[in-house]
Amino acid sequence: MNKTRVWQKVRPYALVLPAMIGILLFVVYPILYLIKLSMFKYNLLNKDKSKFIGADNYTEIFSRGDFYNALTTTVLYTVGVVAVTMVLSLVIALWLNQNTRFNAIVQAGIFTPHIISIVSIALVWMWLMEPNYGLLNFALKAIGLPALPWLQSSSTSLLSVIIVSVWQNVGYYSLLIVAALKNIPQTIYEAAALDNASKFKVFYKITLPMISPQLFFILVIMTIGSFKVFDTVKIMTGGGPNGSTTTLVYYIYEFRTNSIGYASATGVVLMAIITVLTFIYFRLLSKKVHYQ
Amino acid sequence: MFWKAVVLMGFIFPFLWMISTSLQTFEETMTFPPTWVPSSPQWSNFVEAMSSGPFLTYFKNSVIVTTSIIVLQLAVMIPAAYAFAQYRFFGNKILFGMVLLAFMIPGQVTFIPVYLMLADAGMIKSLWPQILPFMSNAFGIFLLRQYFMQIPQEIIESARLDNASEFKIIWKIMIPMSMPAISTVALFSFVSHWNDYFWPLVMTDSEAVRPLTMGIAMLRETEGISNWHIIMAGNVVLVVPILIVYLFASRQIVKAFVYSGIK
């Protein structure tokens with residue numbers, strides 16, 4: 001074979017090589033390394049003292065109350081965020097679907113929080129939720145309701161974090177739904193209008209099935225996204241009070257320096273959960289979704 | 001119209017309130033009912049916020065990290081996307097499967113091993129741990145490949161007939177014709193890495209390499225929990241650059257995020 005032919009064979013590999021190095025080094029290898037770490041009692045200061053302990057970290061995980069607390073908190077957070085964001089963004093999308101100038105402004109406005117750093121969002125909301133001088137309690141008192149402790153009490157802290165997440169993301173998801181709505185052919189609606197179908201029926205029989213692939217997709221990315229929640233918790237509550245906002249990633253974060261093996265094992269569990277969730281979604285739900 | 005305006009306010013107001021607080025005196029933040037418009041704007045709050053830590057360093061780090069990530073991603077992503085779009089080669093499906101895997105596995109799962117790796121490589125005191133892990137942007141490769149596949153094959157074939165090298169085809173045809181997609185990916189990268197908090201938090205252990213987001217988040221520790229006027233002043237500094245970019249490129253940014261959601 002001459003030089004040009006060899007080059008032609010090698011060329012595609014040369015072009016994808018840098019990308020593959022990045023993925024191997026920072027995705028594939030870390031996954032394997034994570035699994036290995038999860039089977040060790042790892043000694044950060046003296047690596048030779050690290051001890052292989054097999055599945056002990058996993059046995060420990062599933063026997064500890066604080067792990068189940070973190071798991072429950074994450075599930076509650078996920079269910080809350082996904083359900084509320086889904087309904088609200090669908091309502092807002094239908095409401096702002098017409099192409100008017102004002103709608104475009106409102107859409108741009110409610111999308112704004114999504115591109116602002118979570119640090120800013122968290123700080124602004126902590127200030128709004130401040131128990132004595134915060135605006136939210138001022139508003140509650142102004143309409144004759146009792147003030148809430150928001151982030152300071154374990155009974156309201158998770159709810160407060162959920163409110164912030166919904167507020168930050170609802171604009172983004174409603175934009176995704178608006179994009180889906182725009183793809184529905186107008187002729188279907190015209191046919192329905194000829195049949196004198198009620199508004200509710202049009203929504204239930206046409207709109208909803210037509211955008212179900214996108215809704216399903218949003219459901220998947222939102223669930224997986226919610227399972228990774230960390231930033232709001234770290235800044236706003238530090239996992240508290242009393243562990244009421246300690247989510248899985250925050251739990252891993254807390255163990256990251258002192259018990260690397262245990263934290264890694266929890267990381268593997270999180271990865272397994274995310275994989276299983278994706279799988280279940282695509283297996284079970286995709287059958288019920290209408291594809292064009 | 002009225003209710004739409006109310007909803008709009010619900011999303012804009014917290015930012016207005018942030019700006020108002022950043023210009024109030026400490027006493028004004030502690031009055032009940034609240035002060036809506038500061039009696040005399042306290043610009044000194046900004047000076048105080050910015051002098052409570054090495055903010056120039058934080059800012060510089062944010063700029064260096066964000067630009068390096070974008071440049072590195074473009075250099076890595078464009079050739080890879082071109083290869084996946086143009087050639088069929090042995091193992092291309094497996095390699096593309098790895099790109100999808102990279103898309104699925106979040107940093108929140110792998111940050112411990114990545115940290116140990118980079119610490120072993122002696123990089124923790126540098127900015128590399130905030131840059132290198134993002135060199136392969138899986139979403140970008142995916143999006144650009146789709147885009148490259150839509151470019152008419154005739155154009156590429158005729159360039160080849162004219163003996164143009166593949167490098168020249170990428171440089172003179174693919175890149176100029178895919179500018180919308182390329183700028184979309186770059187803008188998306190800019191916004192997400194400028195705003196990132198988790199990754200620098202777990203990858204840094206000294207002030208010298210921290211970005212602006214961490215500096216602002218730490219204001220609460222240096223300023224205590226009640227100096228909200230100073231904390232909000234710092235917060236304005238973090239938010240305003242993004243808001244300005246959003247004002248000028250809102251359509252592009254929205255497109256970038258909608259793309260990343262739909263694909």
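Being a predicted model, the structure only gives us computed values, none of them experimental.
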Go through [options] and name the one with the most non-hydrogen pairs under 4.5 angstrom from chain B.
| options | value |
| --- | --- |
| I105(A), N103(A), T275(A) | N103(A) |
| I115(A), V16(A), V27(A), V106(A) | I115(A) |
| V249(A), L123(A), L34(A), L128(A) | L123(A) |
| T112(A), I274(A), L248(A), I260(A) | T112(A) |
| Q168(A), K234(A), K141(A) | K234(A) |
| G134(A), A108(A), A142(A) | A108(A) |

Interchain contact, [X] with chain B, by part (heavy-atom threshold 4.5 Å):
| X | result |
| --- | --- |
| L96(A) | side chain |
| L37(A) | side chain |
| L25(A) | both |
| Y42(A) | side chain |
| F230(A) | side chain |

Measuring heavy-atom distances to chain A, does [X] have an atom under 4.5 Å in its side chain, in its backbone, in both, or in neither?
| X | value |
| --- | --- |
| M9(B) | neither |
| A5(B) | both |
| M77(B) | neither |
| V109(B) | both |
| Y115(B) | neither |
| L95(B) | both |
| W3(B) | both |
| F89(B) | both |
| I216(B) | both |
| D205(B) | neither |
| V202(B) | side chain |
| T31(B) | backbone |
| M98(B) | both |
| E166(B) | side chain |

As an exercise: rank [options] by heavy-atom pairs under 4.5 Å with chain A and give me the winner.
| options | result |
| --- | --- |
| L243(B), T21(B), I12(B) | T21(B) |
| F134(B), W194(B), F90(B) | F90(B) |
| I78(B), L116(B), V99(B) | L116(B) |
| M232(B), M135(B), M30(B), R251(B) | M30(B) |
| N137(B), I141(B), V7(B) | V7(B) |
| Q108(B), K4(B), M1(B) | K4(B) |

Over-ring placement of R145(B) relative to F148(B), 6.0 Å and 45° cut-offs:
no
Where do I118(A) and N195(B) land on the side-chain contact (heavy atoms from CB on, under 4.5 Å) test, with the steps shown first?
CA-CA 7 Å; I118(A) 197 72; N195(B) 287 338; over 6 Å; no
Establish, yes or no, whether a centroid distance under 6.0 Å links the rings of F142(B) and F96(B).
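Yes, the ring centres sit under 6.0 Å apart.
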With a 6.0 Å cut-off on ring centres, are Y33(A) and Y29(A) close enough?
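That pair passes the under 6.0 Å test.
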Just say parallel, tilted or perpendicular for the rings of [X] and [Y], cut-offs at 30° and 60°.
| X | Y | value |
| --- | --- | --- |
| F257(B) | H114(A) | perpendicular |
| W127(A) | W228(B) | parallel |
| W17(B) | F13(B) | parallel |
| F11(B) | W167(A) | parallel |

Listed by residue number, which members of residues 263-272 of chain A have a heavy atom under 4.5 Å from any heavy atom of chain B?
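Interface residues of residues 263-272 of chain A: A263(A), S264(A), G267(A), L270(A), M271(A).
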Side chain of [X], backbone of [Y]: donor and acceptor closer than 3.5 Å?
| X | Y | value |
| --- | --- | --- |
| Y58(B) | T213(B) | no |
| T237(A) | G239(A) | yes |
| N92(B) | R88(B) | no |
| S20(B) | L16(B) | no |

Just by distance, no angles: are the side chains of T35(B) and Q24(B) close enough, under 3.5 Å, to form a donor-acceptor pair?
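Q24(B) and T35(B) do not have a side-chain donor-acceptor pair below 3.5 Å.
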Using a distance-only test with no angle check, is there a side-chain donor-acceptor pair under 3.5 angstrom linking Y13(A) and Y87(B)?
no
Side chain proximity check, H229(B) to T25(B), heavy atoms < 4.5 angstrom
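They are not in side-chain contact.
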Would you check if P113(A) and I121(A) make a side-chain contact, meaning some heavy-atom pair closer than 4.5 Å?
yes
Can N235(B) and S120(A) be said to form a side chain to side chain donor-acceptor pair (under 3.5 Å), step by step?
CA-CA 6 Å; N235(B) 213 358; S120(A) 303; 2.8 Å; yes
Quick one: salt bridge (charged side-chain N to carboxylate O under 4.0 Å, His left out) pairs with a partner in residues 10-39 of chain A, sequence neighbours left out?
none
Exercise: identify the closest heavy-atom pair between A80(B) and A19(A)
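Taking every non-hydrogen atom into account, CB-CB, 3.7 Å.
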Does the pair V119(A) and D231(A) meet the rule for a side-chain contact (heavy atoms from CB on, under 4.5 Å), with working shown?
CA-CA 8 Å; V119(A) 172; D231(A) 301 354; over 6 Å; no
Is there a side-chain contact (heavy atoms from CB on, under 4.5 Å) between V233(A) and Y77(A) once you walk through the steps?
CA-CA 11 Å; V233(A) 167; Y77(A) 170 87; over 6 Å; no
